[in-house]
Amino acid sequence: MKSLFCLVLFILGTPVNTTAQTPKQHYFDWTEMPFTKEELAQRRTNLIHELVKNEKTGVVLIPARDGFSYGETFRQLDDFYYFTGLELPNSLLVINLTNKNASIYTPKDDLRFSRPSRPNDFPGRPLLKDKEITHRSGLELKNITDFSSFMDEQAQKKATVFLNSGQSGDFTFASGDYIDSPSPTQLLGRALKEKNNVLTFENSYQAIAKLRMVKSAAEIELLRKATEINIKGIRTAAKSVQPGIDERYLEGILEGNYKVNGAQRLAFGSIIKSGPNSLWPWRILATHYDRRNRSMENGDLVIFDVGCEYGHYVSDVGRTFPVSGRFSEEQKAILNMEVGIADAIIDFIKPGIRFADIRDLTDRIIPKDAKKYMQVGLFFGHHLGLSTGDPYLPDAPLQAGMVFTVEPWYYNHDKGLSVFTEDVILVTDNGCEVLSKGLPRTPDDLESIMK
């Protein structure tokens, strides 16, 4: 009967729609703001103050990521997310230092939600006219097609453009060489320079690093949660450490546990390395497609240097386990020495000291016969936040709210022995808190959680 009805409609020339059209999707159907609009506005205001106090004028430009995800779920660029809390694709945050306001140039529609040949599966998602985005973020939206004329106006004023190069020093543009890996910000800089060569460019790295180094209460809670999930994953994977198990198997146990406990992504590719592999940094181990998959043997040590991401914020924790379930006396002595160095650093941390002071401390307390094997010196750790390489200023005094790792490495190629301990540290008003304190560090305690 239905077929006959459809045939009659067809003959009469009336179009047939046997499937209800999926309604247009809206941005906040799919996501929430991670922070209050007041906190986000304060971050932008702080950046303006940081630049204006040094008599800077012009515009700060912060690009968003290209809209597509290349096999992973979409992950916004750190700076754009930090100052906007938005996952908008192919957009630009513009902070005007002259009139002290901020706006986002964004596409009219999210192209990821559009495909004319499949309208029911790709029903569209408006961005520019979605007033809820402006209401919740506190940011005015402008059409990305107007950005070029805006920059033409800035060029007429011979304005200064502030872009984050990702490190201190002058802003570095994409080189244009045949082999290059430019960042989205460097590509933006090159395009602007080619279109408006009267513009002046300055690096905003130091101003942004100064702000992002000190975490808000909301950021600290996300870092705390990410570290809790990381600890659960390491505890679970440690129980599977035994001879004959390969490194990738342990990665599977660890990373599956991350997801079971709510982590959305890895902070970086998990580094689980045993025996001879444990003597090499990840950069070397990852140079080949299949190198990091060794089967473990009795007498080996296996190092976990791993991290997960929760709500865009990351954790990075390291521990060393005996494959046999028991450390040898030599292994135990080396690990106790290395953990002792870490403990001394942690006890020393408080507001007002500098990383140089920590380097001076380690230089005094590392045993002479261990110094050439201790990878602590200039690189005892790194700041954490939206990434495991969060921007920081190495000469800045420590402040409450800073979060970084303490990780003195011991790589002894002469003895074929390596141990590694890494903890997440939050600087407090009077000292510091070890966010990863829920994971044992001493040889006896590490053995116990393997059972």
What's the spacing between Leu361 CG and Ile341 CD1 if we round to 0.5 Å? 8.0 Å
Roughly how far, to the nearest 0.5 Å, is the NZ atom of Lys259 from the SG atom of Cys308? 12.0 Å
Worked check of ring pair (Phe, Tyr, Trp, His ring centres under 6.0 Å) between Phe304 and Phe321: CA-CA 8 Å; Phe304 283 65; Phe321 296 98; 5.4 Å; yes
Classify the side-chain pair Gln264/Tyr310 by whether it contains a donor and acceptor separated by less than 3.5 Å. no
Can Thr428 and Glu433 be counted as having a side-chain donor-acceptor contact under 3.5 angstrom? no
Would the Phe201 and Phe162 ring centres measure less than 6.0 Å apart? no
For Asp170, does the CG atom have more than 12 heavy-atom neighbours from other residues, nucleotides or ligands under 6.0 Å away? no
Could Arg75 and Glu87 be called an ion pair, given the rule that one side-chain N must be under 4.0 Å from one carboxylate O? no
I'd like to know if the side chain of Thr145 pairs up with that of Asn143 as donor and acceptor (distance under 3.5 Å, no hydrogens or angles considered). yes
With distance as the sole test, does Lys215 use its side chain to make a donor-acceptor pair with the main-chain N or O of Leu384 at under 3.5 Å? yes
Run the salt-bridge test on Glu422 and Arg319 with the 4.0 Å N-O cut-off and return the result as yes or no. no
Salt bridge present between Glu251 and Arg248 (N-O < 4.0 angstrom): no
Phe171 and Phe173 aromatic ring geometry - parallel, tilted or perpendicular at 30°/60° bounds: perpendicular
Within 45° of the ring axis of Phe35 and under 6.0 Å from its six-membered ring centre, is that where the NZ or CZ of Arg43 lies? yes
Check the side chains of Gln167 and Ser165 for a donor-acceptor pair under 3.5 angstrom, ignoring hydrogens and angles. no
Check Asp357 with Lys350, please: is the shortest side-chain N to carboxylate O separation under 4.0 Å? no
Once you round to the nearest 0.5 Å, how far does CG of Leu86 lie from OG of Ser91? 8.5 Å
How long is the straight-line distance from CZ of Arg65 back to CG of Leu77, given to the nearest 0.5 Å? 4.5 Å
Strictly by modelled atom types, are Glu39 and Ser216 linked by a side-chain donor-acceptor pair under 3.5 Å? yes
Side-chain ion pair, Glu228 and Lys232, N-O less than 4.0 Å: no
Scan side-chain atoms only and decide if Asn46 and Gln42 contain a donor-acceptor pair under the 3.5 Å cut-off. yes
Looking just at side-chain N and O atoms, do Asn196 and Gln154 make a donor-acceptor pair shorter than 3.5 Å? no
Side chain to side chain contact (heavy atoms under 4.5 Å, CB included), that's the test. Do Leu141 and Ser103 meet it? Break it down for me. CA-CA 6 Å; Leu141 300 186; Ser103 57; over 6 Å; no
Flag for His382-Asp316: side-chain donor and acceptor within less than 3.5 Å: yes
Side chain to side chain contact (heavy atoms under 4.5 Å, CB included) between Leu439 and Val317: does it pass, once the steps are laid out? CA-CA 9 Å; Leu439 189 62; Val317 176; 3.8 Å; yes
d(Leu47 CG, Ile62 CD1) to nearest 0.5 Å is 6.0 Å
Side-chain ion pair, Asp423 and Arg441, N-O less than 4.0 Å: yes
Report the C-alpha separation of Leu426 and Cys432 in whole Å, then their side-chain angles, then the decisive distance to 0.1 Å, and conclude whether the side chain to side chain contact (heavy atoms under 4.5 Å, CB included) test is met. CA-CA 5 Å; Leu426 165 66; Cys432 71; over 6 Å; no
Give a yes or no on whether Tyr249 atom OH has more than 12 heavy-atom contacts from other residues, nucleotides or ligands under 6.0 Å away. no
Which label fits His383 and Phe404: parallel for a plane angle under 30°, tilted from 30 to 60°, or perpendicular past 60°? tilted
Pair Glu202 + Lys56, salt bridge at N-O below 4.0 Å: yes
With no hydrogens and no angle check, is any side-chain donor or acceptor of Ser436 less than 3.5 Å from a backbone partner on Val424? yes
Can you find a side-chain donor-acceptor pair between Glu140 and Thr134 that sits under 3.5 Å? no
Is the Phe150 to Tyr105 ring centre distance short of 6.0 Å? yes
Can you tell whether the side chains of Arg112 and Asp66 come within less than 4.0 Å, N to carboxylate O? no
Should Asn230 and Ile234 be marked as a side chain to side chain contact (heavy atoms under 4.5 Å, CB included) after you check the CA-CA gap, both sets of side-chain angles, and the distance that decides it? CA-CA 6 Å; Asn230 199 2; Ile234 295 172; 3.8 Å; yes
Test: Arg212 and Asp390 ion pair at under 4.0 Å: yes
Is the Trp30 ring parallel, tilted or perpendicular to the Phe113 ring (thresholds 30°, 60°)? perpendicular
Asp79 and Asn164 side chains, donor-acceptor separation under 3.5 Å: yes
Thr442 versus Asp445, side-chain donor and acceptor atoms under 3.5 Å: yes
As a test of understanding, state which of Asp29, Asp130, Asp109, Asp110 forms a side-chain hydrogen bond (donor to acceptor under 3.5 Å, both in side chains) with Arg125. Asp110
One should read off an interatomic distance between Leu386 CG and Phe80 CZ, to the nearest 0.5 angstrom, of 13.5 Å
Ser270 side chain to Glu255 side chain, donor-acceptor N/O pair below 3.5 angstrom: yes
